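Per chain, numbering begins at 1; letters A, B, ... match sequence-line order. Here the structure is a predicted model, which means the values were calculated and not measured.
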There are 2 protein chains.
Amino acid sequence: MTTKKSKSENSIVDIARVLGISPATVSRALNNNPRISEATRKRVKETAKEMGYRHNSMASSLRNRRSNIIGLIVPRISMYFHSFFITSLQRQLQAAGYNLMICQSNDSVDLEKELANTLYSARVDALVVSLTLYTKDITHFEGFLQQGIPLVFYDRVPVLGAPAYIIKGDDYRGGLLAGNHLMQAGCVHMAYISGPMSSSIYQERTRGFLDALAKQGMSMREDWVYHHELTVENAWNSLRRLFEGEQLPDGIFAANDTTAIAAVEFARERGIRIPDDLKIIGYSNDPRTAIVTPAITSIEQYPSEMADKVADTLIHALQAHPTVFHAIGEPLVCPVDLVRRMTT
Amino acid sequence: MTTKKSKSENSIVDIARVLGISPATVSRALNNNPRISEATRKRVKETAKEMGYRHNSMASSLRNRRSNIIGLIVPRISMYFHSFFITSLQRQLQAAGYNLMICQSNDSVDLEKELANTLYSARVDALVVSLTLYTKDITHFEGFLQQGIPLVFYDRVPVLGAPAYIIKGDDYRGGLLAGNHLMQAGCVHMAYISGPMSSSIYQERTRGFLDALAKQGMSMREDWVYHHELTVENAWNSLRRLFEGEQLPDGIFAANDTTAIAAVEFARERGIRIPDDLKIIGYSNDPRTAIVTPAITSIEQYPSEMADKVADTLIHALQAHPTVFHAIGEPLVCPVDLVRRMTT
DNA sequence: TTGTATGCGTTATCAA
DNA sequence: TTGATAACGCATACAA
């Protein structure tokens, strides 16, 4: 490899000059426009290669009024669910000729707003968003709607709905499955550690879980329901409080796997036997749930399949396809499943 | 309702027309050019806001010949090391006004080439790359060098060097630490499960590990050294072969944590006691090593700190700073540390 | 089949 | 302090 810096770049105008033809012809030849002769096309492409020509996406985007870039705002790239979602989404979009501009909100509403504005200015052709835990107001996405730029919310979607494409997991059913499973396993005194109710996913998981219990005529001690960000530290704090009273819980529904793992470690430290004395179920089927001892029962969300749905929706919307893949504002709900392991 | 067709977008020309001033003035006002009066600036900004104006990065990029986009090619976004590296890098670059275009090569050389070309055409201002396991030829990055576009390799860097910025972990020392630690823990019959030697990181970890042993006058059975992609399946295959002979190993250096975790699970299944009968050390200090039982000793690579170095290098290079942060072609080597847990 | 002319929206240069 | 103009590189409508 050499470092030799060549003179300034060659444009289609330079190629045209060299070949003694017009820039328009060069442009058409390079874009495989059928109205150009095979001979010219070949000549142009060869010369372009020789001259080290590279297509300028910025100029092309400006002229075409489309960037071929799709924006993605995700709370945290390092979360299992999102990292697999992204991998799958990117593969699909790449194949369709789009590039992904991935940004992390880090669960900060302010940062989410800033990123939305940046991507708006960057003229992304579409925007895909999984909201922060605390996003209530979604006016920072209004510009996209007004400009008719396809907007897709997935997983953590606006609580109050939105005139956008909405693709979400069946969190209600996930909660229901968790509740039913714990009860079938014999739990009578259940605790629930959930994320903040400002997020759609925890609202629904909570509703599903409580409905499951209610259907069996069971109710929960209010002080055994915790709502906070589901970090390791917060989990331990809640677990300590949960186990400081007389009555001990015999089942815990942890609304994410990080919390479920913390619960397993907490139980180990306290010498609480799992699943005999305490049953635990997590959420997301993070691969970590399979490697801890005992392996944790969890709810699978199929991130790749959800990404496929998002990609399909995007591609249809971007091509202004006559039959829309699914209606704007009508949530598309993706299935979830219980994965039973050793903690229940 | 009138039939007035709502104009899709307002440009600075539209703002200029409304205010009866020139587009140049509008541009300068919006860019906080000091040669514009405070009054005008305020008037322009207010009107821009009212008219729902958004800056067009494509046009601006074309004119300025810089996109403010930095390309990133990473083998797999879901690997712990890379996902934390990305998070940190993105925060830094965001703060400096750059957007990241993240792409995954999925350890495919062909895809890496394609992505390099795409990002080249997309006119990224700089490119950051961690190579696939198999990339030997790096001519697909030559265009960047020829155009003087800053090119940074990190972690998995070109084996033969390159006239680019190179930032890597101290894999040689990591291997050395692993070897010394196993020997200090009393291991005499060690096995080594490594990734393909086509990758810089495994070359160096291997060299370090073998050097450590050699310094103590120890050598390794050649059939106890495995080289393959470090997946769960491959790990189990190698482990099975490793334990099918008469002589059993008393120590394993796994060149990544996925393999170390597999080794722990394998030992559990076989009833091999850890660390009594077998000691295990992994690489990367993936958080998973801390949650398996027993928790695994590993080598910390400090991904965030490496990202900081990459960000510093990029920002200096992009500003054509007189004092370059570090010389082109001279690898910047980042420290690693041993994190001792229960498997040694 | 190819050429001419124009404009996408912005900003740097030069002039006023 | 502001304005007029040109150009960044490309792709299209229209003309030939």
Legend entry - Reference residue A:Arg156; test side-chain hydrogen bond (donor to acceptor under 3.5 Å, both in side chains); the match among A:Asp107, A:Thr135, A:Thr132: A:Asp107

Inset, instruction - Look at the rings of A:Phe141 and A:Phe144 and say which category their plane angle falls in: under 30° parallel, 30 to 60° tilted, over 60° perpendicular. - result: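 The rings of A:Phe141 and A:Phe144 sit tilted, inter-plane angle from 30° to 60°.
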
Roughly how many Å is it from [atom1] in [X] to [atom2] in [N], rounded to a whole number?
| X | N | atom1 | atom2 | result |
| --- | --- | --- | --- | --- |
| A:Arg35 | D:dT12 | CZ | P | 12 Å |
| A:Met58 | C:dG7 | CE | C1' | 18 Å |
| B:Leu19 | D:dG3 | CG | P | 10 Å |
| A:Asn32 | C:dT1 | CG | P | 14 Å |
| B:Ile12 | C:dA12 | CD1 | C1' | 12 Å |
| A:Arg17 | C:dT4 | CZ | P | 14 Å |
| B:Ile36 | D:dT1 | CD1 | P | 8 Å |
| B:Leu30 | D:dT2 | CG | P | 13 Å |

Legend entry - Residue mapping more 5' on DNA chain D - nearest nucleotide basis, B:Ala24 or B:Leu62: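 Result of the comparison: B:Ala24.
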
Quick one: label [X] by what it contacts on the DNA or RNA (base, sugar-phosphate, nothing), any heavy atom closer than 4.0 Å.
| X | result |
| --- | --- |
| A:Val13 | nothing |
| B:Asn31 | sugar-phosphate |
| A:Ser27 | base |

So, OP1 or OP2 of [N]: does either fall under 4.0 Å of a side-chain N or O from [X]?
| X | N | answer |
| --- | --- | --- |
| B:Ser22 | D:dG3 | yes |
| B:Ser37 | D:dT1 | no |
| A:Arg65 | C:dG9 | yes |
| A:Asn64 | D:dT12 | yes |

NZ/NE/NH1/NH2 to OD/OE distance under 4.0 Å, [X] and [Y]:
| X | Y | result |
| --- | --- | --- |
| A:Asp14 | A:Arg17 | yes |
| A:Glu46 | A:Lys49 | no |
| A:Glu9 | B:Arg123 | yes |

Legend entry - Test side chain to side chain contact (heavy atoms under 4.5 Å, CB included) applied to A:Ile12 and A:Asn56, A:Val26, A:Val44, the passing residue: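 Considering A:Asn56, A:Val26, A:Val44, a side chain to side chain contact (heavy atoms under 4.5 Å, CB included) with A:Ile12 is found only for A:Val26.
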
Inset, instruction - Ignoring hydrogens and angles, state whether a donor on the side chain of A:Asp110 or A:Ser108 is under 3.5 Å from an acceptor on the partner side chain. - result: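 No, no side-chain donor-acceptor contact under 3.5 Å.
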
Legend entry - Close residues, residues 39-57 of chain B, relative to DNA chain D [heavy-atom separation under 4.0 Å]: B:Thr40

Inset, instruction - For B:Arg28 and for B:Ala59, find the nucleotide of DNA chain C with the closest heavy atom, then tell me which residue's nucleotide is more 5'. - result: B:Ala59

